[in-house]
2 protein chains.
Amino acid sequence: MKILILGLDGYIGWSLALHQLSLGNEVCGIDNFSRRKSVEEIGSWSAIPILPIEKRMNILQKEYGDKITFHAGDLVDSNFTNDVIGKFKPDAIIHLAEQPSAPYSMIDQSHTLYTQYNNVMGTLNVIYAMKNYVPKSHLIKLGTMGEYGTPDLEIAEGFMEVEFRGKKATIPYPRFAGSWYHWSKVHDSNNVAFACKLWGLSSTDIMQGIVYGTRTAEITDPNKHTRFDFDEIFGTVINRYCAQAVIGHPLTVYGKGGQTRGFLALEDSIQCMSILIENPPEKGEYRVINQFDQQYQVSELAERVKRIADKKGLDATIQQLENPRVEKEEHYYKADHEQLKKLGFRATRHIDDEIGIMLDDLTSHEDRIRTKKDQMTKQVKWRDGSSTIKQRIVNPLILPTD
Amino acid sequence: MKILILGLDGYIGWSLALHQLSLGNEVCGIDNFSRRKSVEEIGSWSAIPILPIEKRMNILQKEYGDKITFHAGDLVDSNFTNDVIGKFKPDAIIHLAEQPSAPYSMIDQSHTLYTQYNNVMGTLNVIYAMKNYVPKSHLIKLGTMGEYGTPDLEIAEGFMEVEFRGKKATIPYPRFAGSWYHWSKVHDSNNVAFACKLWGLSSTDIMQGIVYGTRTAEITDPNKHTRFDFDEIFGTVINRYCAQAVIGHPLTVYGKGGQTRGFLALEDSIQCMSILIENPPEKGEYRVINQFDQQYQVSELAERVKRIADKKGLDATIQQLENPRVEKEEHYYKADHEQLKKLGFRATRHIDDEIGIMLDDLTSHEDRIRTKKDQMTKQVKWRDGSSTIKQRIVNPLILPTD
């Protein structure tokens, strides 16, 4: 199979590329390096050093020859997107190339505009390129469980049956997103669903939980490590707790800590996506998958990381911070995640084992975390943003010329 | 009251400005003239000639002095939007400045990108400017009944109560939009609702039916006429039928003609918006209003226009065209529209009278319609667009500099 990975240089993109190559698939990647640039922009870096893209490609090409190719470019450039998709003609397109951080989208107006512009325009260019060149390809788009928010209802997988004034219908599960980033993902979900209806494209929209971990089976030597962000803006909660534990920084819980979310180890995220690649939906189908392993409260996760860190002699503490976000800190949460199980997904990683591995991996890079420790409590406030981060530059939208 | 009209130069914007001035309110308007430019781009024009903006302003200033002001500019320019809203400090902002045509958004990739870019970025700039300068102002945003599409359920006003697996909740009424334009409106509705929750802004989101007519009480002489589009791309259905009847062109019905929609006379649309201006929602409230008078099937409307035209000796015919759109041609449709009635709205125009007036008004401009008659059956196809219209230019996104 020919697999196009949009955002190959990122945390999941790189890990997925390694795995897909190991399966014998042909992989083409693109990236505009916005993750490297954004993390640098906010003053942080990856705890685990990663190689520049040229060296990453050299390493993969030595092992896999011309089964791996890469193009630097931006999806908001319609010509670039058309060109890559038109020439590679992928069987599956994995779209991981969105601005992925909620706090980043809340910094200020320029970051809000950048996020929705980048995500919505980029995704429109992807679906137009599919229509133009590979209408039978399978678009696997990374959405987020955060699109659903925390309604006081069980969360279904994408759709729900309702009865209203005596008539029954299946409707899209309502979205209660909680940041400009999360809403950009909802806009994209709506656009992709419409493209499937309009043009008969096929898409799997993954509502993914929060991913944690430093490892996959293919990350066998330091040159193959994937990035690991631990700052408040790009570091997700378990990853940040582990980085904090390693340097003796209190694990920072927002508010009451009763926020419940679905979580998934990096290894299992890659497994899920690979299952979805191998099991495409029908032609014209817009399929929604809730992709996570277990639900946890963020305070419970802090206790869990503390317990495992303490066993390693790290002596972790927990500190409640004023919550910078606008969100419920105690709420009902029960989300379906049945479809991946039906397709054969079984979680292979236990969270405690994974946290142990993360703490060990991160201890090797303790100095890099300590140097940037102020980035872990930057506190981008949902209502007022951040006044210390400078304006985000927006790449120009380039319209198709052919 | 100070009323800011975004899109003052358009069909509804101009009519609303005349009415608001007649009520003694202070009106500031902006426009980037995209409607004039887009209609010219596709090769058509307004059936009823309108004056250039400078002359329009001269006429209003003679009558209303400094109670009317105008600024040419584009909402995607954050500085322009901040500047206008920060200086005028409106009590109400009426947002009519979106690309308003479904077929236009379906022409090709550049028109899709332009539509979502213009509408989503422009609206984000408006809500940021409100937050920055007039957080207590009232944003009246023009959405469309088309956001709901044609579900096999009664259509509520914005929200519905559902029961799901034993729990009840109020959820946003699901959206089944049918074009890239309609989805851009859904994206904006979602963004505005979030801004109300996040920043405590107040907004009324109008899900408006299809507006028809050439007149309002304030359109008393030819210099005050509002534009009237009759081409397939910008002309809405009753308006187009009337223009067709006037020149003896068959009234063109798409497919079976069972498509049912809500409709509203221009005079009554202006009345509704004026009622909403006078009755703002609570602070932080996101209020959704379904704004239309009566439901009709498009084939029934063709019969109605034919009957009235025939009485005037116009000898109209009806022709079914292959439907260029992707839509149901026969479907259930029953939409609530109670809230405006509770606020005092009573329709003042009967559709038959209005069609009679339109036919008379348009007969005076028969030549202008005849000259552009090919534009009435341009047939932008939902699945394949149009290959004859050139690429749409996109104004650059300008980020805030202060």
Side-chain angles (χ1 to χ4, degrees), chain A residues 78 82 106 108-110 112-114 116-117 120-121 124-125 128-129 131-132 151-154 156 160-169 171-180 182-184 186-187 190-191 194 197-200 326 332 334 382-383 391-394 396-397 399-401, chain B residues 78 82 106 108-110 112-114 116-117 120-121 124-125 128-129 131-132 151-154 156 160-169 171-180 182-184 186-187 190-191 194 197-200 326 332 334 382-383 391-394 396-397 399-401:
Chain A
S78 309
N82 273 325
M106 305 303 282
D108 64 11
Q109 186 172 356
S110 74
T112 300
L113 290 170
Y114 167 73
Q116 294 217 346
Y117 166 87
V120 175
M121 296 297 124
L124 283 174
N125 278 336
Y128 257 103
K131 173 199 181 237
N132 293 338
D152 194 26
L153 290 176
E154 285 191 33
M160 71 196 291
E161 195 179 73
V162 294
E163 187 174 329
F164 185 60
R165 300 183 190 165
K167 290 180 78 107
K168 281 185 183 172
I171 63 170
Y173 194 87
R175 300 304 205 260
F176 297 92
S179 75
W180 297 116
H182 285 103
W183 280 113
S184 78
V186 176
H187 305 339
N190 284 330
N191 280 341
F194 180 58
K197 185 178 167 192
L198 181 67
W199 296 324
V326 176
Y332 177 78
K334 188 167 176 228
W382 250 230
R383 291 216 158 91
Q391 184 160 303
R392 180 55 150 105
I393 303 302
V394 175
L397 181 64
L399 300 179
T401 50
Chain B
S78 308
N82 274 325
M106 305 304 283
D108 64 11
Q109 187 172 355
S110 73
T112 300
L113 291 169
Y114 167 72
Q116 294 217 347
Y117 166 87
V120 175
M121 296 298 125
L124 283 173
N125 277 336
Y128 257 103
K131 172 198 181 237
N132 293 339
D152 194 26
L153 290 176
E154 285 190 32
M160 71 196 289
E161 195 179 74
V162 294
E163 186 173 330
F164 185 60
R165 300 182 191 166
K167 289 180 77 107
K168 282 185 183 170
I171 63 170
Y173 193 87
R175 301 304 206 259
F176 298 91
S179 75
W180 297 117
H182 286 103
W183 280 113
S184 77
V186 176
H187 306 339
N190 284 330
N191 280 342
F194 181 59
K197 185 179 166 191
L198 182 67
W199 295 325
V326 175
Y332 176 78
K334 188 167 176 225
W382 251 230
R383 292 216 158 91
Q391 184 160 301
R392 180 54 151 105
I393 303 303
V394 175
L397 181 64
L399 300 177
T401 50

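Below, all heavy atoms of this structure are taken into account, side chains as well, without hydrogens, waters or symmetry copies. Below, read A as the first sequence line, B as the second, and so on, with proteins coming before strands; counting in each chain starts at 1.
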Query raised in the report: Under a 4.5 Å cut-off applied to non-hydrogen side-chain atoms, are A/Gln116 and B/Met121 in contact?
Result: yes
Query raised in the report: Going by heavy atoms in the side chains, are B/Leu124 and A/Trp180 under 4.5 Å from each other?
Result: yes
Query raised in the report: Less than 4.5 Å apart, any side-chain heavy atom of B/Met106 and any of A/Leu198?
Result: yes
Query raised in the report: If you measure from CZ on A/Arg175 to CZ on B/Arg175, what distance do you get to the nearest 0.5 Å?
Result: 14.0 Å
Query raised in the report: Heavy atoms, side chains only, cut-off 4.5 Å: are B/Asn191 and A/His187 in contact?
Result: yes
Query raised in the report: Do B/Leu113 and A/Asn125 touch side chain to side chain, with heavy atoms closer than 4.5 Å?
Result: yes
Query raised in the report: CG/B/Asn190 to NE2/A/His182 distance, rounded to the nearest 0.5 angstrom?
Result: 14.0 Å
Report task. Would you check if B/Leu153 and A/Arg165 make a side-chain contact, meaning some heavy-atom pair closer than 4.5 Å? Result -> no
Query raised in the report: Considering only heavy atoms, which portion of B/Trp382 lies under 4.5 Å from any heavy atom of chain A: side chain, backbone, both, or neither?
Result: both
Report task. With a 4.5 Å cut-off on heavy-atom pairs, point out which of A/Gly200, A/Ala177, A/Pro174 contacts chain B the most. Result -> A/Pro174
Query raised in the report: If every non-hydrogen atom of B/Leu397 is compared with every non-hydrogen atom of A/Tyr117, which pair is closest and at what distance?
Result: CD2-CD1, 4.2 Å
Query raised in the report: Does any non-hydrogen side-chain atom of A/Leu399 lie less than 4.5 Å from one of B/Tyr114?
Result: no
Query - Top contributor to chain A interface from B/Lys168, B/Glu163, B/Arg392, B/Glu154 [non-hydrogen pairs under 4.5 Å] - result: B/Glu154
Query - Geometric cation-pi criterion, B/Lys167 with A/Tyr332: 6.0 Å, 45° - result: yes
Query raised in the report: Quick one: are A/Gln109 and B/Asn82 in side-chain contact, heavy atoms under 4.5 Å?
Result: yes
Query raised in the report: Relative to each other, are the rings of B/Tyr173 and A/Phe164 parallel, tilted or perpendicular (30° and 60° limits)?
Result: perpendicular
Query raised in the report: Any idea which of B/Val394, B/Ile393, B/Asp152 has the most non-hydrogen atom pairs under 4.5 angstrom with chain A?
Result: B/Asp152
Report task. Answer with side chain, backbone, both or neither: which region of B/Ile171 has an atom nearer than 4.5 Å to a non-hydrogen atom of chain A? Result -> both
Query - Minimum-distance pair of heavy atoms, taken over all atoms of A/Arg383 and B/Lys131 - result: O-CE, 3.6 Å
Requested in this report: Sort B/Pro151 into side chain, backbone, both or neither according to what part of it lies under 4.5 angstrom from a heavy atom of chain A.
Outcome: neither
Requested in this report: With a 4.5 Å cut-off on heavy-atom pairs, point out which of B/Ala156, B/Ser184, B/Pro396, B/Ser179 contacts chain A the most.
Outcome: B/Ser179
